[in-house]
K.L.:
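Below is one structure. I have some questions about it.
Remember, it's a predicted structure, so these values are computed and weren't measured experimentally. The figures here come from the full heavy-atom set of this structure, side chains too, leaving out hydrogens, waters and symmetry mates.
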Amino acid sequence: KYYLTHHTIMMDQSVFSWTPTDPTWVYNTFLGSIFIYFFYNLMGGVGLWIFQWLIFLAIFLLFYLFLKLIRHKLDVTGVTIIAAVAIASAPACSYYKPELFSALLFCGAAFILFWIKLTRRKFLFYLYPLILLFWVNLHGAFIMGLAMLVAFFIGEILNRKSLPEESFSDRELTHLGIATVLSFLVTLLNPYGIHYLWSILKGIFSDNYNINSRYIQAYVTLWPYLKEGGVSFFRLGQTAWIMFIMMLFLLCLFLYEFIKQKSCDFSLLFISMATFWGSMRAVRAAYLFAIFFFFSFFYLLSRLKLKDVPGRANLVSLIVFVFFFMNISYFTFRYHADNKWFGAGLESFVPVKEVSFLKQYRLEGPIFNDYVVGGYLIWELYPDYKVFIDPRLGPYSKQVAPDYWALTSIPVTGEAIKRFRDKYPFNIAILHFRELPLIFDLLQADWRLLYFEKNAAILIHESRLSAVPPEVQFIDLGPLRFKDV
């Protein structure tokens, strides 16, 4: 919406917040954001749901076309592996955001890689610069596509040295090298040029990333969840285990190839190891390895003449599929019973009525808000109110985010809250009930409860009570409001 109303493709990332932001941080999703806004503006929440499932269907179509390419039918094992890919990718792909384009384009880039390996059609190399030209303006994970292409090139050079009769010819390697260089050059065709690439790399390898990743699910490492059970297993544990088992399968196939044929496809090995490491390092990257596994697994089975193995494993695959179905069904109904389908039910998760209260009575800011609801507050309240923090994270990673984690991660005293407010002088707080301990900490200090609904509470500093409109005291805050919840 910002891009369209301001007639720009460069967003000032500081305009949405009243807190200090990092002026060197840039992020470019103008094409992806405009595309998603088009769906929302046209059909509301249903439009977002349709957009998401068009992406999923396109990924499934690429999987299906690849199986056709290697002359492998879509059997029970294939369906089960696709289900495993979907479950592993769910923590990153279950939200409506431009990152869905990255899942699709990475899948497309992987499909082209294997298409080239199977057909040796040199013109296919030059699809990569075209993909990267769009990808760089859709979402920041284009950097992963570029990294995959570099690993592809380096791996094929090693293949040429070790197995010259089976690897790409010098001419094919030349075309791959040219396509790789062109792909890098087209990524500079974004509103920020090379500064955008540098900003992404700096963010990934900075100390601030390691600090902030402790508190945000999208950035947490998956390794500890191999030992978790219960709800943690449903949310992230099964993703970690699925990818771990996928990696074991690939390593077995690489080892089988090395023992039987004294060969190794270095490009597949490098990309598999890199995507596995990246996916286990951060939840939001989980789809990278899961998607690449699908292509690698069936390609290696075909090349090693083991195509009959999936057919023999159909019974085991069916049992695994049933387990997936029962597990997801149980946890969905047990822990997410209020979920709505087809893009509906927004008010069940975000503070719709609470925000309406702020808009109606126009209380004096600035406002303090929790990390999760920041995005919704920007959508509904900007420019009347600016947020304290929001899930973009990048603009706040140097100062505001570390201060916020320090405040919310442990119980705080009234004196600590006062010091925090001296640094960030906010008058109103809107906090989701996920931050219930912080709400109680504020109430024990100099803050008063002004309004609440089923998702969040609005608090006001006692020094600002005189500025509250008199009619607010007549608002019904009784429990009967929630009789239908």
Side-chain angles (χ1 to χ4, degrees), residues 62-63 66-67 69-72 77-78 81 84-85 88 106-122 124-125 128 144-180 183 242-281 285-310 312-313:
L62 288 171
F63 286 166
F66 177 71
L67 293 178
L69 192 63
I70 61 173
R71 295 183 174 85
H72 192 290
T77 299
I81 290 177
V85 171
F106 183 82
C107 185
F111 174 80
I112 291 170
L113 184 153
F114 288 95
W115 192 5
I116 293 171
K117 279 182 167 289
L118 289 165
T119 64
R120 299 299 180 90
R121 296 177 180 175
K122 293 185 287 293
L124 294 174
F125 288 124
Y128 282 116
M144 302 303 176
L146 199 59
M148 186 192 77
L149 192 54
V150 172
F152 184 24
F153 180 56
I154 295 173
E156 290 303 329
I157 291 176
L158 292 178
N159 287 344
R160 180 66 177 161
K161 297 293 185 181
S162 60
L163 293 167
E165 66 280 0
E166 297 181 15
S167 64
F168 286 163
S169 66
D170 290 340
R171 186 176 179 83
E172 289 168 328
L173 277 176
T174 300
H175 282 286
L176 176 55
I178 293 172
T180 302
S183 296
I242 286 172
M243 291 198 297
F244 185 74
I245 293 170
M246 284 177 171
M247 193 66 223
L248 288 180
F249 281 159
L250 286 185
L251 290 176
C252 288
L253 289 175
F254 284 125
L255 183 62
Y256 178 86
E257 181 182 26
F258 182 77
I259 293 173
K260 290 291 185 179
Q261 301 183 6
K262 298 297 186 291
S263 64
C264 176
D265 191 323
F266 286 103
S267 62
L268 295 192
L269 180 62
F270 289 169
I271 298 172
S272 297
M273 295 296 291
T275 53
F276 178 70
W277 173 82
S279 295
M280 293 296 288
R281 185 192 184 211
Y287 61 87
L288 295 175
F289 176 69
I291 288 173
F292 194 78
F293 166 82
F294 179 88
F295 295 106
S296 298
F297 180 73
F298 284 105
Y299 172 79
L300 288 171
L301 289 180
S302 176
R303 195 175 75 176
L304 298 174
K305 297 179 173 53
L306 299 173
K307 293 173 66 174
D308 59 333
V309 171
R312 295 177 181 177

K.L.:
Using 30° and 60° as the class boundaries, would you call the ring planes of Phe106 and Tyr287 parallel, tilted or perpendicular?
P.N.:
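Aromatic pair Phe106/Tyr287 classed perpendicular.
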
K.L.:
CG/Leu253 to CZ/Phe298 distance, rounded to the nearest 0.5 angstrom?
P.N.:
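Separation between the atoms: 11.0 Å.
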
K.L.:
Ile271 and side-chain contact (heavy atoms from CB on, under 4.5 Å): which partner among Leu113, Val150, Asp265?
P.N.:
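It is Leu113; the other options fail the test.
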
K.L.:
Begin with the C-alpha distance, continue with both residues' side-chain angles, and end with the deciding distance and a verdict on salt bridge (Lys or Arg N to Asp or Glu O under 4.0 Å) for Glu172 and Arg160.
P.N.:
CA-CA 11 Å; Glu172 289 168 328; Arg160 180 66 177 161; over 6 Å; no

K.L.:
Should Gln261 and Tyr256 count as side-chain neighbours, where that means a heavy-atom distance under 4.5 Å?
P.N.:
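In short, these two side chains do not touch, never coming nearer than 4.5 Å.
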
K.L.:
Kindly compute the distance separating CZ (Phe111) from CG (Leu124), expressed to the nearest 0.5 Å.
P.N.:
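One gets 9.0 Å once the value is rounded to the nearest 0.5 Å.
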
K.L.:
Can you tell me how far apart CG (Leu288) and OG (Ser272) are? Round to the nearest 0.5 Å.
P.N.:
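Reported to 0.5 Å precision, the distance equals 12.0 Å.
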
K.L.:
Work out which heavy atom in Ala88 is nearest to a heavy atom in Met243; give both atom names and the distance.
P.N.:
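Heavy atoms of Ala88 and Met243 come nearest at CB-CG, 4.2 Å.
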
K.L.:
Work out which heavy atom in Phe294 is nearest to a heavy atom in Gly78; give both atom names and the distance.
P.N.:
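Nearest pair, atom of Phe294 first, then Gly78: CE1-O, 4.5 Å.
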
K.L.:
Do Phe254 and Leu300 have side chains that get closer than 4.5 Å, going by heavy atoms?
P.N.:
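Heavy-atom side-chain distance check passes, below 4.5 Å.
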
K.L.:
Does some side-chain heavy atom of Leu146 sit less than 4.5 Å from a side-chain heavy atom of Thr180?
P.N.:
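No, side chains not in contact.
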
K.L.:
Could you state the interatomic distance from CG (Asp170) to CD1 (Ile157), rounded to the nearest 0.5 Å?
P.N.:
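Going from the CG atom of Asp170 to the CD1 atom of Ile157 covers 10.5 Å.
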
K.L.:
State, with a plain yes or no, whether a side-chain heavy atom of Phe153 is found less than 4.5 Å away from one of Leu149.
P.N.:
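Side-chain contact under 4.5 Å: no.
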
K.L.:
Before we go on, tell me: are the rings of Phe66 and Phe114 under 6.0 Å apart, centre to centre?
P.N.:
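Yes, the ring of Phe66 comes within the 6.0 Å limit of the ring of Phe114, centre to centre.
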
K.L.:
Aromatic rings Phe289 and Phe276: how do their planes relate, parallel, tilted or perpendicular, breaks at 30° and 60°?
P.N.:
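Rings of Phe289 and Phe276: perpendicular, over 60°.
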
K.L.:
So, for Ile70 and Ser302, which heavy atoms are closest and what is the spacing to 0.1 Å?
P.N.:
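For Ile70 and Ser302, the tightest heavy-atom pair comes out as CB-OG, 4.2 Å.
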
K.L.:
First locate atom CG of Leu118, then atom CZ of Arg120, and finally report the distance between them rounded to the nearest 0.5 Å.
P.N.:
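Answer rounded to 0.5 Å: 9.5 Å.
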
K.L.:
Measuring only between side-chain heavy atoms, which start at C-beta, is Phe295 closer than 4.5 Å to Ile291?
P.N.:
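Yes, close enough: below the 4.5 Å cut-off.
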
K.L.:
In the structure I gave you, are the side-chain heavy atoms of Leu255 and Ile259 within less than 4.5 Å of one another anywhere?
P.N.:
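Sidechains of Ile259 and Leu255: in contact.
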
K.L.:
Do Phe293 and Phe297 have ring centres separated by under 6.0 Å?
P.N.:
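Judged by ring-centre distance (under 6.0 Å), Phe293 and Phe297 do meet the cut-off.
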
K.L.:
Is the shortest side-chain heavy-atom distance between Ile81 and Phe63 below 4.5 Å?
P.N.:
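Side chain of Ile81 against side chain of Phe63, heavy atoms only: no contact under 4.5 Å found.
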
K.L.:
Can you give me the closest heavy-atom contact between Ala110 and Met148, atom names plus distance?
P.N.:
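Shortest heavy-atom separation between Ala110 and Met148 comes out as N-CE, 4.0 Å.
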
K.L.:
Any side-chain heavy-atom pair from Ile178 and Phe125 closer than 4.5 angstrom?
P.N.:
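They are not in contact (no side-chain heavy atoms under 4.5 Å apart), so the answer is no.
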
K.L.:
At what distance, to the nearest 0.5 angstrom, does OH of Tyr299 lie from NE2 of His72?
P.N.:
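Taking OH in Tyr299 and NE2 in His72, the distance rounds to 15.5 Å.
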
K.L.:
What heavy-atom pair brings Leu163 and Ser263 nearest, and what distance separates the two atoms?
P.N.:
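Looking at all heavy atoms of both residues, the shortest contact is CD1-CB, 3.0 Å.
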
K.L.:
So which atom in Phe266 and which in Ser162 form the shortest heavy-atom distance, rounded to 0.1 Å?
P.N.:
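Shortest heavy-atom contact: CE1-OG, 3.6 Å.
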
K.L.:
Please test Met246 against Phe292 for side-chain contact (heavy atoms from CB on, under 4.5 Å), starting from the C-alpha separation and ending with a verdict.
P.N.:
CA-CA 10 Å; Met246 284 177 171; Phe292 194 78; over 6 Å; no

K.L.:
Does a sphere of radius 6.0 Å around CZ in Phe249 hold more than 12 heavy atoms from other residues, nucleotides or ligands, not counting ones at 6.0 Å or beyond?
P.N.:
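At most 12 heavy atoms, drawn from other residues, nucleotides or ligands, come within 6.0 Å of this atom.
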
